[in-house]
Structure formats: C-alpha cells, structure tokens
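Following: one structure in structure tokens, then a few remarks.
To find a chain, count down the sequence lines: A is the first, B the second, and so on, and within it residues start at 1. Both backbone and side-chain heavy atoms feed into the values below; hydrogens, waters and symmetry mates do not. Quantities reported herein were computed from a predicted structural model and do not represent experimental measurements.
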Amino acid sequence: MNFLAELRGRLRTALTELIPSDVMTDVGPYAEMLKPTQDPKFGDFQANCAMSLGKLLKKPPRDVATDIVARLKLDDLCDAPEIAGPGFINLKLRTDRLATEAVALIHDDRLGVVAVPTPRTFVVDYSSPNVAKPMHVGHLRSTVIGQALDRVLRFLGHRVYSDNHVGDWGTQFGMIIYGYKHFRNEAAYQTAPVAELARLYRLVNQLSDYHEAVKTATALDAAVRLAETALSEAQRQLAANPKDKDAPKAVKKQEAVVAEAKAAVNSARKKREAIDNDPALQTLAAAHPQIAELARQETAKLHAGDVDNVALWKAFIPQCLAALESMYQRFGVKFDLTLGESFYNPMLTGIVDDLKSRGLARESDGATCVFVEGNAAPFIVQKADGAFTYATTDLATIRYRIETLHADTALYVVDARQGEHFQLLFATAKAMGLGQLESRHVSFGTILGDDRRPFKTRAGDTVGLESLLDEAIARARAIVDENDDGKKDGPELDTATRADVAEIVGIGGVIYADLHHNRDSDYIFSWDKMLAKTGDTATYIQYAYARVRGIFARNNIDADALRQAGGTILLNTPAERQMALQLLRFSEALSDVVVDYRPNLLTQYLYDTANSFATFYEQCPILKEPDATVRNSRLLLCDLTARVLKTGLNLLGIRVAEKM
RNA sequence: GCAUCCGUAGCUCAAUGGAUAGAGCAUCGGUCUUCGGAACCGAGGGUUGGGGGUUCGAGUCCCUCCGGAUGCACCA
C-alpha cells in the first residue's frame, strides 16, 4: 500500500463532505497538501490544508482543522490525529497496521508497489550518441538518468519505449566517407573497423580544422586587436567618468571579449602547429586543401542516394552500433528502439511541405524557417543548400511517435544547453497539430572537473566512457583487495569474485554519483567521493545489502524458507518501527521520482533505508535474540530490507553483490 | 544585447510553498573484548548572494541588483 496516496484519498473524501460544491468543485489540490513530515516529532504525515482553507472559508484555521479531523475516517490506519500550531493536522500511522502491512510485503514480489491504474505510453529518448565516434563522458548523464527513468516507469506499470535516437546520418558521415576513400588503412579496418573509422573521422576533422585555422588566422588576429581597442576605449571611459555605474561593467565585458578572442587565436594556432610539426600530416594537408567542402559533398551525396556512399554507410552502421552495444552492456542498458536520424530521412520532405502549406514556414536568407512567437532565433527546417536539419528530424520523430507508437508522453533526456531547441521544437510541433504528445525536456547539467571546467583528462582531452568505467573498476578493485586482504579471518573472495565485485562497485559508483545529484545542477566529478565506503554512495548501500545477505549465508538461513514459513513482524522498538515504515515507503519514493523525473529522490530513499537499517542492525540483536518470535520478525525485516535495497538499486541500473 | 539555469555549513551537495533549512566529507568527542565492523552514536558549524514584494507561512513564487555557467541562422 502507498500510505501517502491512501491518506490523500481519505482526506479528499473528508474535504468533499466538508466543503459545499458551490464553494469549491475540486478539492484535489488541498488533498495534495498532505505530505510526509520532515520531523518525526510531528508524526509520519501532516496535512497542511487547513491554513489556506481557513482563509477561503473565512474561519479560523484551527477550527477548519477540527472540522476536517471530525470527518476524517482513519481509525484503521492512524492514531488519533493531532492539531498543532496554526492548524497542522499531524498523523501517525498505527504501529500494528505497519506490522501487518510489512507482513504483506513478504509475499509481494512488487514490494508494495501497486501498478498504476491508468498506464501511459512513454517514449524515453536517451543516450543518443553519434555512432561514428566513441562515447565519452558527455553521454554519461543522459544514459544514466534515462535508463533509471526508463526502469522506474516500467516498474510502475507504464508502457515504455526506450529509444536511442542515434546520430547516424549527419555531417560526420561525410567526413568518414571522405576519410575512408582517401586515408583508409585496410588492414586496420579489417581488424578493428570502428577504431579505424574513428581515426578517419578525427583525421578529416583535424585537416579541415587546419585549413580553417589558416584561412581565418588574419581575421582572428584582427578580432583580437579590435577587441583590445574597444577595451582601452572602455577603460578610458571609466577613467573619464569614474562615477558611471555602467563603466566598470563595460570594461569587464570587454575584457571577456578580449580573452575569448585570444582563446580563439590560441586554439587555431594549436590546430596549425599540430599539422606543421608533423611532416606526414603536412603532406596530407597540402594534398587536401578543399577537404571540408569535399566532405560536405560526400554527406550531400549520401543524402541524395549516391550508390557508393549509401553502400559504405550500410557497411559502417552495423559495426558502429555493435561498438555502442558493448558499452551499453556494461551499463546493463537495453533499448527497445534504435531509431536514428536516418530512419526519419524519408519523412523530412513531408514535414517541410506540411509546414509550408500551413503557412508556418517561410524563406529567410535562403533557408526555410519557422519563426516562433517570442523567439528571435528561427527554427531552421531546411538549410539554404537544401539539406534538412535536426529540427526537421525531431519534428518527424514526434509525428512518428504519435502516429505509429501512439505515445502519450515523450521524455527527452538531453543536456540543458539544448533548452532553446526544445522550446522551439515543442512550440512548432504544437502549431502543426502535433500537440497531443506531451513532450518534456528532462534536462541536466554538466559534469565538471576539480577546476570547475567541464570534466577533461589531464591532457585536456574529453574522457572516453570506456576508460572512465575501466578506471572506476580498477579503483574499486584496489578497495576490494585491500578490504578483503584485511579481513580478520583471512580473505574470503577468490580472484574471479573480486573482479566481479569490483565491476559492480565501480560502475555502480559512477551511476549513483550521477543520479544522486539533482539533475539540474552541474556537479564536480570526484573519484574519491564516488567510491567512498561511507557516506551517501552506492558502495555504502551495496554494503548494507551484503551485510544482510551475510547474516543469512553465514548462518545457513534460507530466505525463501523463512518467507514461506511466515510468522509475524513485531515492531516493539523505535528502530524496528522506523525500519518497517521506511520499507513501506518504497512505493511513495518511486511515485515521487516520476512526478518531475528526478531519480535523486530514489537515491535519497535508498540511502535513508540503508541508514535506518544500520540503526536497526545496531540496536536490535538478531540471532542472539532469545525470543524465537522476535528473532524471526527481525530476520524478516532484514530480508525485506535486502529486497528493497536490491530492487531499488536495480531500478537505478546498479547491481548488488552477495559478498563484498 | 536577448534567453535559460545556478548562487544554501569550511568543501561536495539535498530540501514536494509549511513548523527549529538537512545529509555526506572534513573537524572534534564518544560507543564496541562484534550475531555482522567497508560499524554505530553525538557535537560544533548558516542572516539560504544583497534588497524589495506576494502569502497565515518563502531557500522555493514575483520584481530588482550583484556574481557565475550556458546558449543564441543554416553542426547535431
């Protein structure tokens, strides 16, 4: 049972009785004001509606509270409600009811989580890397948050399509095709095709950047001089008018412009030097002066259906997808659909025609654009050269999700930086009659390094996801080894088990560290914090699980037999009561996650559960307990704790180990 | 210039318009000759960037200023 939902239902009934329907037709929002307390001294739940209702009904809030309490039928669930302060109604669940509900969990595979009565069809669109490039740390949050939401929605009984909207059709393919045609190392391609394709992509990119850097060198220098002139002018203004409030601001701003211009010059210089210092690259650069333009033409040819390029593309794609798949296996992620950009290609002309015929799109500077009210930037659906953009693809995707998948809600688990794009996308979709799909940008912040700049390797390169996980596992392994070697009765894990535990702890740590932050915030990446044995980490929770399982294993207690044998649960101490209550709130935690798509509410719940367990475990003897009924009750609580922790962690994509 | 997000303990972060703003780390101090130690309990630490406003009640909503991040026409 979800106590919160049940209590709100009861409150709703009472409010409907109390308030005449001509005063208020929907008491729902007031019933929602029943919430868990933040402090146990106020009980388990509190209803906060009497204060605002007092205003509305022109009665003292405490009188309203009294009226509500008189109509609330809660005898079977709660002790007598208490009215406190200005009109808070404090509720405390009956301990005997907690005990019977806890017993009900023992035989419930779903641990008290009732499937939603009206399932919706969700598309969860996440991860979405470019298939031509290896995944990097920039794909971590989308993958991790997306899969957690995916699993939680499913567990709650919704229909879910997880969809990996991969980039398999964009300009990067022109670059790869160009690279393949001119620079391919056939032997390397045969043995490790994806690595070779990635090399070709980087090479073509590097050569294009080189020519661009050479071409723009004078312009970049000029921009610096211009910015410096503007800066000295701003400084002169400041000196002349020290009282001008805006003058210091202008100086600061110009300083930023100068810094930015210099950074651009530096970055261009680095790109030139990389080639200039390498004779082999120099030769290549000289031989391919038009490389950027020619690569673009390869993309255009691919899109136009050129036989050779399409054949190459068809050869590349399965290889690229297989490489991604091995990454997803490490995370335990499975997609129902992998409908990339190329899938929607045949629908794009229709989208643009539709927009034109509805009078929504028009020409501007040669491009076909939708101008959305209140937004200065256009939503470009077709470029001047005739190519479509990701805006067009995204519109086609929405139409497909409505017409073919019959989706009710689409979640886009994508970087916050694309907020404007989604605003324009959703507004345009609505304008063209695709508003029935509830679309939601589930945005998230950036992962930062110690320096508060986006997380990079020491050399300044982006961090590959593969190596990130490898390092997490290696660090976890060192901890596992140290711990196991230090055990009082000698090591207990063999090499294979240690490797297994290291992987579970390492990857779990990475996932948990990401999910336990509010997704809106940027966060600073820290190996030490993520794998710490104490504190709010996956390891701590995984260890709580292993402790429970250890009791059963070491004493040859069979959990299944224990459940089958039944028995009662006794909640005679505060720690036991708190433990049972916490376990019974699992359902509430999962519902909370889905309200605003925030997995951190589940990490918080699991950490609290592990903490409640630590207290219970400390205060309540289990095997030493002489009374067989109490002992059995405590074992049942232990078993339930293990199941909730395991199920909860699994919903976040984190595995558990029986021994650590 | 316009837009979005952020500013909370020394540090890293939570907080669904509710009562005395919470965790973890770090610091300091306790408990335990363990059924089970990668243990547990406690303390100190805050004008929630500043100032206005709405509200019975604001870290949360609105306005404004300060400070930071990000994005803004043919890459996705």
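Of the candidate nucleotides B:C75, B:A73, B:U12, B:A73 has the atom lying nearest to any side-chain atom of A:Cys369. The side chain of A:Lys533 lies closest to B:A38, out of B:U34, B:A69, B:A38. Here the side chain of A:Glu420 is nearest to one of B:A3, B:C35, B:A14, namely B:A3. Nearest to the side-chain atoms of A:Tyr617 among the listed nucleotides B:A73, B:A38, B:G36 stands B:G36. For A:Lys55, whose side chain is taken as the heavy atoms from C-beta onward, the closest listed nucleotide among B:A38, B:C56, B:C35 is B:C56. Of the candidates B:A73, B:A38, B:G1, the closest approach to any side-chain atom of A:Thr539 belongs to B:A38. Listed nucleotides B:G37, B:C35, B:C40 differ in distance to A:Tyr543; the shortest reach to its side chain belongs to B:G37. Residue A:Ala614 places its side chain closer to B:C40 than to any other of B:C13, B:U16, B:C40.
Side-chain contact check for A:Met175 versus A:Asn205: some heavy-atom pair is nearer than 4.5 Å. Side-chain contact between A:Ile504 and A:Gln542 is present, with heavy atoms from C-beta onward closer than 4.5 Å. With contacts defined as side-chain heavy-atom distances shorter than 4.5 Å, the pair A:Arg498/A:Pro491 qualifies.
When ring centroids are compared, A:His421 and A:Phe379 come within the 6.0 Å threshold. Two rings, from A:Tyr412 and A:Phe422, have their centers less than 6.0 Å apart.
Considering only side-chain N and O atoms, A:Lys252 lies under 4.0 angstrom from the phosphate OP1 or OP2 of B:G68. A sub-4.0 Å separation between OP1 or OP2 of B:G36 and a side-chain N or O of A:Arg634 is absent. Side-chain N/O atoms of A:Lys253 include one lying less than 4.0 angstrom from OP1 or OP2 on B:G1. Residue A:Arg453 places at least one side-chain N or O under 4.0 Å from the OP1 or OP2 atom of B:U70. A sub-4.0 Å separation between OP1 or OP2 of B:C13 and a side-chain N or O of A:Asn518 is absent. For A:Ser521, a side-chain nitrogen or oxygen approaches OP1 or OP2 of B:A14 to under 4.0 Å. Considering only side-chain N and O atoms, A:Tyr540 lies under 4.0 angstrom from the phosphate OP1 or OP2 of B:C40.
Contact annotation for A:Asn483: base contact, defined as any heavy-atom pair under 4.0 Å involving a base atom. At the heavy-atom level, A:Pro36 lies under 4.0 Å from base atoms of the strands shown. Nucleic acid contact class of A:Ser364 (heavy atoms, under 4.0 Å, all strands): base. The residue A:Glu625 sits apart from the nucleic acid: no heavy atom pair falls under 4.0 Å.
With rounding to the nearest 0.5 Å, the separation of CG in A:Leu57 from CG in A:Asp63 is 11.0 Å. Distance check: A:Ile89 CD1 to A:Leu11 CG gives 7.0 Å after rounding to the nearest 0.5 Å. In this structure, A:Asn90 CG and A:Asn48 CG are separated by 8.5 Å, a value rounded to the nearest 0.5 Å.
In this structure, NE2 of A:His303 is placed 12 Å from P of B:C75, rounded to the nearest angstrom. Atom CG of A:Asn375 is separated from atom C1' of B:A73 by 13 Å (rounded to the nearest Å). Rounded to whole Å, atom C1' of B:A3 lies 16 Å from atom CZ of A:Phe379. Distance, A:Asp415 CG to B:C5 C1': 12 Å, rounded to whole Å. In this structure, A:Glu588 places its CD atom 15 Å from P of B:U16, rounding to the nearest Å. The nearest whole Å value for the distance from the CG atom in A:Asp522 to the C1' atom in B:U70 is 9 Å. Computed from coordinates, the A:Asp394 CG to B:C75 C1' distance equals 13 Å when rounded to whole Å. With rounding to whole Å, A:Gln619 atom CD is found 12 Å from B:C40 atom P.
Across A:Leu606 and A:Leu649, no two heavy atoms sit closer than the pair CD1-N, 3.7 Å. Between A:Val505 and A:Ala476, the shortest heavy-atom distance links the atoms CG1-CB, 4.0 Å. Pairing each heavy atom of A:Cys369 with each of A:Ser364, the nearest pair is SG-CB, 4.1 Å.
Across the C1' atoms, B:U47 and B:A38 are found 40 Å apart, a figure rounded to whole Å. For the C1' atom pair drawn from B:U48 and B:U60, the interatomic distance equals 10 Å after rounding to whole Å. Nucleotides B:U34 and B:A39 have their C1' atoms positioned 9 Å apart, rounded to a whole Å. Taking the P atoms as reference points, B:G59 lies 9 Å from B:A19, given to the whole Å. As rounded to the nearest Å, B:G46 and B:G10 have C1' atoms that lie 12 Å from one another. For the C1' atom pair drawn from B:A26 and B:G67, the interatomic distance equals 27 Å after rounding to whole Å. Distance check on atom P: B:C65 versus B:G1 gives 11 Å, rounded to whole Å. On the P atoms, B:U8 is 6 Å away from B:G49, given to the nearest whole Å.
Geometrically, A:Arg585 engages A:Phe45 in a cation-pi contact defined by less than 6.0 Å to the ring centre and at most 45° from the axis.
Side chain to side chain, A:Gln46 and A:Thr37 fail the donor-acceptor criterion of an N or O pair below 3.5 Å.
Under 4.0 Å is where a charged nitrogen must lie from a carboxylate oxygen, and between A:Arg477 and A:Glu503 no such pair does.
Where A:Asn600 and A:Leu623 each meet RNA chain B at their nearest nucleotide, the meeting point lying more 5' is that of A:Asn600. Taking for each of A:Val505 and A:Asp385 the nucleotide of RNA chain B with the nearest heavy atom, the 5'-most of the two is the partner of A:Val505.
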Checking side-chain hydrogen bond (donor to acceptor under 3.5 Å, both in side chains) for the pair A:Glu588/A:Tyr605: CA distance, chi angles, key distance, verdict? CA-CA 10 Å; A:Glu588 217 175 290; A:Tyr605 168 80; over 6 Å; no
Filtered N/O pairs between nucleotides 18-21 of chain B and protein, under 3.5 Å:
residue	atom	partner	partner atom	Å
B:G18	O6	A:Asn48	O	3.2
B:A19	N7	A:Gln46	OE1	3.2
B:A19	N6	A:Gln46	OE1	3.0
B:A19	N6	A:Asn90	OD1	2.5
B:A19	N6	A:Asn90	ND2	3.3
B:A19	N1	A:Asn90	ND2	3.4
B:U20	N3	A:Lys41	NZ	3.3
B:U20	O4	A:Lys41	NZ	2.2

Just the atom pairs and distances: protein N or O near nucleotides 23-29 of chain B's N or O, under 3.5 Å.
residue	atom	partner	partner atom	Å
B:C25	OP1	A:Thr534	OG1	3.0

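Stem analysis of RNA chain B (Watson-Crick or G-U pairs, both distances under 3.5 Å, runs of at least three) returns B:1-5 with B:68-72, B:10-13 with B:22-25, B:27-31 with B:39-43, B:49-53 with B:61-65.
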